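Everything quoted here is computed from the prediction, not taken from an experiment. Computed over heavy atoms, backbone and side chain alike; hydrogens, waters and symmetry mates excluded.
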Amino acid sequence: MKLLICIALIISQSSGCTSVSVDAKKEPPKTEIWHIKHHKTIAQGESAQWCYLVRKSETADWTFFYAPIEKLDYEWGHHYIVKIKQTQIKKPAADGSSIRFEVVQIVSDKPVAAGTTFEIPLTDAAGRAFLDAPNHKILNSIIYITDSKIEEKTRQIVAAGELKKGIFQHGAKGALILKDVQ
């Protein structure tokens, strides 16, 4: 019996060595240069969430990117060009990405001009407002409304179910200022 246990242990140890050598032969992680836009956007997956806008060349279209990007200390109002390493995750979470994305080099980090304006959609595909409960918390943590007329207009448009997008401006320290709603 002891002999069988010893043989089983030797076999399991050998197969462990085999899998390590197989892993060592895998291709190195893929790397790409990405442009990351100076603002995020809201997208609807299982719930409303902020996502990056990325592209892989100066002329490519911006696309939504939902996964976290490790080692990126993202600041609103900064346009980044980064070298990203993509590594396969052996056992990803059921609702997570099977690829790990990590910044290995910041090629460029340029702040956009103060007062730069941009649009963010404020409703999902079904027309539900991200400013309306319970999703409003996604915006409240970073948006400042500096004009009481805009605040009242926002309330009226949300109540009427007509909200489509917000016009924002970069403020100090990554703050977003809501300038108008449509």
Participant: Going only through I, L, V, M, F, W and Y residues with side-chain contacts under 4.5 Å, is there a path from I106 to V104?
Facilitator: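 Hydrophobic grouping puts I106 apart from V104.
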Participant: If you look at every heavy atom in C51 and K40, which pair is closest and at what distance?
Facilitator: O-CB, 3.2 Å
Participant: Under 4.5 Å between any side-chain heavy atoms of I99 and I89, yes or no?
Facilitator: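 When only atoms from C-beta onward are counted, I89 and I99 do not touch, as no gap falls below 4.5 Å.
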Participant: Do side-chain atoms of Y80 reach the backbone of E75 as a donor and acceptor pair under 3.5 angstrom?
Facilitator: yes
Participant: Could you tell me the separation between the NE2 atom of H39 and the OH atom of Y52, rounded to the nearest 0.5 Å?
Facilitator: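 So the NE2 of H39 and the OH of Y52 are separated by 14.0 Å.
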Participant: With hydrophobic residues grouped by side-chain heavy-atom distances under 4.5 Å, do W50 and L163 end up in a single group?
Facilitator: yes
Participant: Applying salt bridge (Lys or Arg N to Asp or Glu O under 4.0 Å), name anything that partners E162, two or more places apart in sequence or on another chain.
Facilitator: none
Participant: Looking only at non-hydrogen atoms, find the nearest pair between P121 and T41 and report the distance.
Facilitator: CD-OG1, 3.3 Å
Participant: Give a yes or no on whether I167 and V181 share a hydrophobic cluster (residues Ile, Leu, Val, Met, Phe, Trp, Tyr; joining criterion: side-chain heavy atoms under 4.5 Å apart).
Facilitator: no
Participant: Is any side-chain heavy atom of I84 less than 4.5 Å from a side-chain heavy atom of V54?
Facilitator: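 No, their side chains stay 4.5 Å or more apart.
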Participant: What's the shortest heavy-atom distance between K179 and I150, and which atoms?
Facilitator: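 So the minimum-distance heavy-atom pair works out to O-CD1, 3.0 Å.
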Participant: Given a cutoff of under 4.5 Å between side-chain heavy atoms of I, L, V, M, F, W and Y, with clusters grown through shared members, what are the other residues clustered with F64?
Facilitator: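 Result for F64 is L53, W62, Y66.
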Participant: Mind checking the NZ-OG1 spacing from K30 to T87? Nearest 0.5 Å is all I need.
Facilitator: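 With rounding to 0.5 Å, NZ (K30) is 12.0 Å from OG1 (T87).
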Participant: Rounded at 0.5 Å granularity, tell me how far NZ in K149 sits from OG1 in T154.
Facilitator: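 OG1 of T154 is found 14.0 Å from NZ of K149.
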Participant: Parallel under 30°, tilted from 30 to 60°, perpendicular over 60°: which one fits the rings of H38 and H170?
Facilitator: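 Correct class here is perpendicular.
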Participant: Taking the side chain as every heavy atom from C-beta outward, state whether L72 and I36 have any pair of such atoms under 4.5 Å apart.
Facilitator: yes
Participant: Could you pull out all donor-acceptor pairs under 3.5 Å where a side-chain atom in residues 113-120 meets a protein atom, sequence neighbours excluded?
Facilitator:
| from | atom 1 | to | atom 2 | distance (Å) |
| --- | --- | --- | --- | --- |
| T116 | OG1 | A113 | O | 2.5 |
| E119 | OE1 | K165 | NZ | 3.2 |
| E119 | OE2 | K165 | NZ | 3.2 |

Participant: Are I69 and Y74 packed together at the side-chain level, in the sense that at least one heavy-atom pair is separated by less than 4.5 angstrom?
Facilitator: no
Participant: Find the distance between CD1 (I42) and CD (Q49) and round it off to the nearest 0.5 Å.
Facilitator: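 Result: 10.5 Å between the selected atoms.
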Participant: From H35 NE2 over to H79 NE2, what is the distance, rounded to the nearest 0.5 angstrom?
Facilitator: 5.5 Å
Participant: Applying side-chain hydrogen bond (donor to acceptor under 3.5 Å, both in side chains), name anything that partners Q88, two or more places apart in sequence or on another chain.
Facilitator: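 Expected list: none.
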Participant: Closest approach of A67 and S97, non-hydrogen atoms and distance?
Facilitator: CB-CB, 4.4 Å
Participant: Give, for atom CG of D180 and atom CD of Q169, the distance between the pair rounded to the nearest 0.5 Å.
Facilitator: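 Here the rounded value is 12.0 Å.
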Participant: Holding to side-chain hydrogen bond (donor to acceptor under 3.5 Å, both in side chains), I want the full list of residues that pass it with K83, two or more places apart in sequence or in another chain.
Facilitator: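 K83 satisfies side-chain hydrogen bond (donor to acceptor under 3.5 Å, both in side chains) with no residue once adjacent residues are dropped.
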Participant: Which other residues end up in the same hydrophobic cluster as I33, if Ile, Leu, Val, Met, Phe, Trp and Tyr are linked when side-chain heavy atoms come under 4.5 Å apart?
Facilitator: I81, V107
